[in-house]
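Okay, structure first, notes after.
Just so we're on the same page: letters track the sequence lines, and every chain starts at 1. Computed over heavy atoms, backbone and side chain alike; hydrogens, waters and symmetry mates excluded.
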Amino acid sequence: MLDPKLVRSEPESIAEKLAVKGFTLEVEKLKELEAIRRQLQDKAQSLQAERNAYAKSMGKAIGEAKAMGEDITPLKAKGEELKKACVLAEEDFGELQNQLENYLSGIPNIPDAEVPAGNDEDDNIEIRQWGEPRQFDFEVKDHVDLGADSGLLDFETAAKITGSRFAVMRGGIARLHRALVQFMLDTHQLEHGYEEINVPYVVNRDSLYGTGQLPKFEEDLFKLEDDRGFYLIPTAEVPVTNIYRDEIIEADQLPVKYTCHTPCFRSEAGSYGKDTRGMIRQHQFEKVELVQFVKPQDSTEVLEQLVGHAEAILQKLELPYKTVILCGGDLGFSSARTYDIEVWLPSQQRYREISSCSNFRDFQARRLKARWRNPETGKPELLHTLNGSGLAIGRTLLAVMENYQQADGSIKIPDVLQPYMGGQTQIG
RNA sequence: GGAGGGAUGGCUGAGUGGUCGAAAGCACCGGUCUUGAAAACCGGCGUAUCGAGAGGUACCCAGGGUUCGAAUCCCUGUCCCUCCGCCA
């Protein structure tokens with residue numbers, strides 16, 4: 001959520017910035033609601049003040065009246081009247097406040113000034129590129145065919161068990177998948193200074209509101225048929241970022257850096273026909289996530305570091321990639337700036353997203369009430385939150401399969417993963 | 001699944017219908033003292049929101065209710081703790 005004060009005081013300039021994201025801020029509607037809000041709030045609060053003052057004076061008045069043997073009914077009647085007027089005004093105010101709140105919580109974050117204009121991923125801008133795509137002297141296969149040949153990656157059985165967009169992995173592929181997880185967690189923990197944590201995969205509505213998935217993006221989620229209103233997590237970002245919901249972190253504890261491996265569940269509503277083949281887009285996939293809570297003045301620099309931590313994984317795996325900055329139109333709802341890392345897939349002869357690293361500034365923190373105590377002011381102030389995939393496991397697995405395939409259909413295991421595979425050097 | 005107990009400010013913890021936005025201690029900030037520090041003493045110190053300001057309003061787990069008036073009484077829910085049972 002944006003700072004309501006800011007939205008109120010300079011809606012025109014915010015509208016201009018949000019236009020980069022393709023969002024139209026209804027300035028006139030906002031101003032109108034705001035004017036009514038002031039009126040209703042003023043009315044409700046002055047009635048409340050009157051009611052409070054009267055109730056306060058009543059203790060004494062009732063005592064005196066009783067001592068004098070007087071009837072106290074008229075005293076009570078006046079109070080009753082005040083209360084009724086008060087309740088009506090409160091209801092009006094409450095209703096309007098809900099309207100305003102709903103509108104405000106649907107406004108996306110303001111993009112950084114450096115975010116390029118553009119409508120979709122075609123307008124994203126390349127920042128850097130690493131590694132050279134390998135030249136194959138045989139015809140490359142994609143991971144689906146490679147998996148089918150060895151029998152170690154099986155989409156048909158998964159479709160029987162559940163439906164489309166699921167996978168069954170066996171033997172060496174299942175092990176490679178697990179090795180990737182261990183390798184990434186170890187690297188982030190030992191080399192990049194993140195604390196490994198393990199969190200619930202089922203979350204409540206408040207948590208999803210805090211990180212911005214709700215109320216706007218409910219259709220992307222799997223909701224449990226349970227009257228407690230639980231959802232499966234679409235990313236570790238949700239449970240991990242919510243660790244500090246309604247908390248105040250002491251300055252000397254910052255930055256807080258967490259790395260977390262979880263499955264992610266996404267309904268992929270609206271993506272029919274898109275990436276239907278293989279592991280690219282699944283309803284269930286695993287991810288190692290990086291999350292940081294930092295002082296506001298640090299977040300710009302920390303995003304660069306965080307992207308570097310994700311890139312380090314690809315470099316160690318010797319997978320060619322490029323890093324792009326998302327244009328306004330492709331930027332997520334809560335993000336002020338996002339870098340995507342795209343890995344080279346020889347079967348598609350192009351780079352595909354494998355990580356997304358974002359700075360949310362205080363947007364999530366305001367929803368979460370995640371704060372730190374600023375020693376300079378002594379006051380609790382909003383933190384900045386950031387996160388990024390470090391990396392998506394399924395997509396890394398298929399990138400390894402495709403980039404490390406050999407003419408006979410076997411797959412060489414990258415050097416850094418061999419210790420996690422018991423010294424095994426190839427699959428199949 | 002059964003039986004009890006609890007949830008109050010950054011923390012501990014008092015508070016069973018009006019004088020309570022809330023005692024006290026700790027922590028923290030400012031000052032006095034000191035060569036410096038500690039101790040001692042004095043003062044300050046919740047959050048959000050509206051307002052130019054004075055000040056107002058809301059908040060004692062959450063949501064309802066009773067009452068002229070609720071941290072306090074009633075109902076529902078959530079979470080935590082103890083005991084019994086069951087269980088990976």
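- Nucleic acid contact class of K56(A) (heavy atoms, under 4.0 Å, all strands): sugar-phosphate only.
- The cationic group of R367(A) lies under 6.0 Å from the six-membered ring centre of Y209(A) and within 45° of the ring axis, placing it in a cation-pi geometry.
- Within the shown strands, nothing qualifies as a pairing partner of A52(B) under the Watson-Crick or G-U definition with both distances less than 3.5 Å.
- Nucleotide C20(B) has no partner under the Watson-Crick or G-U criteria, as no pair reaches both atom distances under 3.5 Å.
- Using a 4.0 Å heavy-atom cutoff across all strands shown, P4(A) reaches no nucleic acid atom at all.
- Taking the C1' atoms as reference points, G6(B) lies 15 Å from C60(B), given to the whole Å.
- The ring of F265(A) has its center no closer than 6.0 angstrom to the ring center of Y201(A).
- On the P atoms, G77(B) is 23 Å away from U82(B), given to the nearest whole Å.
- In this pair, H192(A) and H188(A) present their aromatic rings tilted. The plane angle is within the 30 to 60° band.
- A salt bridge (Lys or Arg N to Asp or Glu O under 4.0 Å) with E90(A) holds for exactly one of R51(A), K83(A), K43(A); it is R51(A).
- Base pairing annotation: G4(B) forms a Watson-Crick or G-U wobble pair with C81(B), both donor-acceptor distances under 3.5 Å.
- When the C1' atom is used for both G21(B) and A58(B), the distance is 11 Å, rounded to whole Å.
- Pairing of C59(B), defined by two Watson-Crick or G-U wobble distances under 3.5 Å, is identified with G46(B).
- For the 3.5 Å distance criterion, the side chains of R371(A) and Y244(A) fail to qualify, holding no donor opposite an acceptor.
- Both Y54(A) and A49(A) lie near RNA chain B, and the one whose nearest nucleotide falls closer to the 5' end is A49(A).
- Screening residues 207-217 of chain A for salt bridge (Lys or Arg N to Asp or Glu O under 4.0 Å) gives no qualifying pairs among residues at least two apart or on separate chains.
- Side-chain N/O atoms of Y258(A) and E289(A) include no donor and acceptor closer than 3.5 Å.
- Taking atom C1' on both nucleotides, A3(B) is separated from A27(B) by 39 Å, rounded to a whole Å.
- Nucleotide A40(B) is matched to U32(B) when pairs are restricted to Watson-Crick or G-U wobble geometry with both distances under 3.5 angstrom.
- Across the P atoms, G10(B) and A48(B) are found 10 Å apart, a figure rounded to whole Å.
- Using a 4.0 Å heavy-atom criterion, one finds that D42(A) contacts no nucleic acid atom at all.
- Of the two residues contacting RNA chain B, namely P380(A) and R8(A), the nearest-nucleotide position lying further toward the 5' end is that of P380(A).
- Backbone-only contact: K5(A) has heavy atoms under 4.0 Å from sugar-phosphate atoms and none from a base.
- Remark: the separation of the C1' atoms in G15(B) and U8(B) is 9 Å, to the nearest Å.
- Nucleotides of RNA chain B with any atom under 4.0 Å from a heavy atom of chain A span, from 5' to 3', G10(B) to G69(B).
- In this structure, K379(A) reaches the sugar-phosphate backbone alone: every heavy-atom distance under 4.0 Å involves primed, P, OP1 or OP2 atoms, never a base.
- For the P atoms, the distance from A71(B) to G4(B) is 28 Å, rounded to whole Å.
- With hydrogens and angles left out, the side-chain atoms of S299(A) and H384(A) include a donor and acceptor closer than 3.5 Å.
- A gap of 15 Å separates the C1' atoms of A22(B) and U16(B), to the nearest Å.
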